[in-house]
Amino acid sequence: ASCSECASGKFSLSLTGQDSCDVCVAGRFSGSRASECDDCEAGKRSGSGAAGCESCAGGRYSLGGTENCTACESGSFSSSRASTCDDCEAGKYSGSGAAVCESCEGGQYSLG
């Protein structure tokens with residue numbers, strides 16, 4: 001018999017005598033033949049057993065190493081793969097989870 005490689009999304013510690021591979025937890029990932037899982041970078045996320053991380057969509061952000069991206073709060077926005085949300089500038093507004101800020105209509109205002 002021979003040893004088998006761990007598939008992507010799984011790992012086996014560099015200890016001898018392992019009889020199975022463990023699944024990477026959410027927020028982490030691995031390629032094949034991994035001895036450990038790596039954190040997803042800021043602006044990305046993953047579920048458990050991931051071979052790679054997915055970018056956060058616009059209006060959401062991640063500090064890295066997380067399962068889910070977090071929605072930007074009202075009054076802020078983000079592009080995809082964001083690690084933070086930026087405040088809307090004066091004269092513009094947004095609801096939560098916005099990828100862009102909208103301009104106020106005539107007769108309305110916003111401090112940003």
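Residues take their numbers from the sequence shown, with the count starting at 1.
One distance of note links CD of Glu67 with CZ of Arg45; it measures 6.5 Å at 0.5 Å rounding. Residue Tyr93 holds its OH atom at 11.5 Å from OG of Ser74, rounded to the nearest 0.5 Å. Annotation: the span from Thr84 atom OG1 to Leu63 atom CG amounts to 8.5 Å, rounded to 0.5 Å. Atoms OG and CZ, from Ser12 and Arg33 in turn, are 12.0 Å apart once rounded to the nearest 0.5 Å.
Among residue pairs with one or both ends in residues 73-96, none qualify as salt bridge (Lys or Arg N to Asp or Glu O under 4.0 Å); sequence neighbours excluded.
Between Cys88 and Ser76, the closest heavy-atom pair is SG-N, 3.9 Å. Contact detail for Lys44 and Ser62: the closest heavy-atom pair is O-OG, 2.9 Å. Shown here for Ala7 and Ser30, the closest heavy-atom pair between the two residues is O-OG, 4.4 Å. In terms of heavy-atom proximity, Ala34 sits nearest to Gly31 at CB-O, 3.5 Å.
Across Cys72, Cys69, Cys56, a single residue satisfies side chain to side chain contact (heavy atoms under 4.5 Å, CB included) together with Ser78, and that is Cys72.
The side-chain hydrogen bond (donor to acceptor under 3.5 Å, both in side chains) check on Glu102 picks up nothing, with sequence neighbours excluded. For Arg28, the side-chain hydrogen bond (donor to acceptor under 3.5 Å, both in side chains) test picks out Asp39, with sequence neighbours left out.
A 6.0 Å sphere centred on OH of Tyr61 holds no more than 12 heavy atoms belonging to other residues, nucleotides or ligands. The number of heavy atoms from other shown groups lying within 6.0 Å of NZ (Lys10) does not exceed 12. Counting non-hydrogen atoms of neighbouring residues, nucleotides and ligands closer than 6.0 angstrom, the CD atom of Glu105 reaches no more than 12 such neighbours.
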I'd like to know whether Cys101 forms a side chain to side chain contact (heavy atoms under 4.5 Å, CB included) with Phe77, so could you lay out the CA-CA distance, the side-chain angles of the two residues, the decisive distance to 0.1 Å, and finally the verdict.
CA-CA 6 Å; Cys101 296; Phe77 72 100; 3.3 Å; yes
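With contacts defined as side-chain heavy-atom distances shorter than 4.5 Å, the pair Phe11/Cys21 does not qualify.
Without hydrogens or angle criteria, Ser46 side chain to Gly27 main chain gives a donor-acceptor distance under 3.5 Å.
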